2 protein chains.
Amino acid sequence: MDQKTFENKAEQLNEKMPEYCPITYSMSIIGSKWKIPILWKLILDDGQHYNHLKRMVGGITNTMLTKSLRELEDDGLILRHSDGTVPPSVTYHLTDLGKDLVYTMEELFDWGQKLHAAHEE
Amino acid sequence: MDQKTFENKAEQLNEKMPEYCPITYSMSIIGSKWKIPILWKLILDDGQHYNHLKRMVGGITNTMLTKSLRELEDDGLILRHSDGTVPPSVTYHLTDLGKDLVYTMEELFDWGQKLHAAHEE
DNA sequence: CGGAATCCTGATTGATACTG
DNA sequence: CAGTATCAATCAGGATTCCG
């Protein structure tokens with residue numbers, strides 16, 4: 001990226017900046033330990049069941065999975081669908097807002113890879 | 001975003017996925033409380049002095065500013081320049097890797113704004 | 001001016017056991 | 001199957017003080 005492009009982008013963002021910082025706001029929503037792993041698994045395979053999701057994410061406890069799913073639901077990134085059967089069957093689905101995150105993740109992916117390559121040298 | 005675009009992006013990213021997750025990796029670098037605020041101020045005005053940066057960020061303690069700056073330096077996002085004078089004069093500058101973050105921040109910005117608007121309803 | 005050293009607290013996360 | 005309920009540990013971050 002040349003210096004001009006960098007400065008233009010910085011200025012563009014700064015002009016649009018509200019009182020709250022949208023960047024920090026995003027981080028507060030997806031920044032806790034398990035949010036990205038959960039959302040990523042839902043991006044790859046939407047509509048998963050609780051226990052399947054738990055196996056896919058790997059290493060997460062019930063406490064944290066439940067807590068994270070509730071927060072994601074409250075923030076409007078996923079929807080919880082339960083049919084009322086016994087034994088229960090619950091699936092989790094991305095909302096449009098949740099799916100939009102794939103753009104952000106793409107940038108985080110590319111930058112992370114670049115950084116990782118730099119750190120390997 | 002239509003469903004096709006979403007699925008294509010997901011598949012593209014999944015195919016490129018290494019053993020480590022670059023998304024999670026990025027988050028581990030910029031996810032702690034003060035990283036984004038510090039980097040943002042440097043994006044707006046590169047080459048700031050320690051105390052000026054402290055005032056610009058606002059609310060940060062010496063402990064956390066120093067710690068964050070050291071980590072950003074170790075991770076290759078900023079450079080610390082000190083002339084050897086007394087009293088000391090130290091400035092912090094973004095590296096190219098640090099400047100590249102402006103793309104990621106742009107996405108976090110846009111998504112955060114969208115989310116905030118949705119939460120206001 | 002640009003920090004370092006120490007101590008301390010509260011929030012985040014984890015472990016374990018249990019349930020409709 | 002899809003969670004809840006406690007309790008324990010950890011750890012990031014903050015407060016305070018001091019220094020070359």
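Order of the sequence lines fixes the chain letters, A, B, ..., with proteins taken first and strands second; residue numbering starts at 1 for each chain. What you see below is based on every heavy atom in this structure, not just the backbone, and it leaves out hydrogens, waters and symmetry mates. In this text the structure is predicted, and so the values were computed from the model without any measurement.
At whole-Å resolution of the value, NE2 in H81(B) and P in dG3(C) are 13 Å apart. Spacing between atom CG of D83(B) and atom C1' of dG2(C) amounts to 12 Å, rounded to whole angstrom units. The interatomic distance linking R80(B) (CZ) with dA4(C) (C1') rounds to 12 Å, in whole Å. Per the geometry, CG belonging to L65(A) stands 18 Å off P belonging to dT16(C), to the nearest Å.
Under the side chain to side chain donor-acceptor pair (under 3.5 Å) test applied with E7(A), the options K9(A), Q3(A), K4(A) reduce to a single match, Q3(A). For the side chain to side chain contact (heavy atoms under 4.5 Å, CB included) test with I78(B), the passing option among L97(B), I38(B), T95(B), L39(B) is L39(B); the others fail.
Two residues are said to be in side-chain contact when any heavy atoms from C-beta on lie closer than 4.5 Å; L42(A) and L53(A) meet this criterion. For the pair M56(B)/D45(B), no side-chain contact is recorded, criterion being any heavy-atom separation below 4.5 Å from C-beta on. The side-chain heavy atoms of D100(B) and M1(A), taken from C-beta on, include a pair separated by under 4.5 Å. Between S28(A) and Y25(A) the shortest side-chain heavy-atom distance falls below 4.5 Å. Taking 4.5 Å as the limit, some side-chain heavy atom of L69(A) sits within range of a side-chain heavy atom of Y50(A). Residues L77(B) and I30(B) are in side-chain contact: their nearest non-hydrogen atoms beyond the backbone lie under 4.5 Å apart.
With the nearest nucleotide of DNA chain C identified for both R70(B) and G31(A), R70(B) has the one nearer the 5' end. Nearest-nucleotide assignment on DNA chain D puts the 5′-proximal partner with T91(A), out of T91(A) and P88(B).
Bounding nucleotides for the chain A contact on DNA chain D, 5' to 3', at a heavy-atom distance below 4.0 Å, are dC1(D) to dA5(D).
Contacts of K33(A) classified as side chain to side chain donor-acceptor pair (under 3.5 Å), with partners at least two apart in sequence or in another chain: none. Partners of H93(B) according to the side chain to side chain donor-acceptor pair (under 3.5 Å) rule, which considers only residues two or more places apart in sequence or in another chain, are T91(B).
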Treat primed atoms plus P, OP1 and OP2 as sugar-phosphate and everything else as base, then score nucleotides 5-11 of chain C 5' to 3': B for base contact with protein heavy atoms under 4.0 Å, S for sugar-phosphate contact only, - for none.
B------
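Of the residues in residues 44-55 of chain B, none lies under 4.0 Å from DNA chain D by heavy-atom distance.
Rounded to 10 degrees, the angle separating the terminal helix axes of the helix from dC1(C)-dG20(D) to dG20(C)-dC1(D), each built from five base pairs, is 60°.
A salt bridge is absent between K114(B) and D96(A): the closest approach of a Lys/Arg side-chain nitrogen to an acidic carboxylate oxygen does not fall below 4.0 angstrom.
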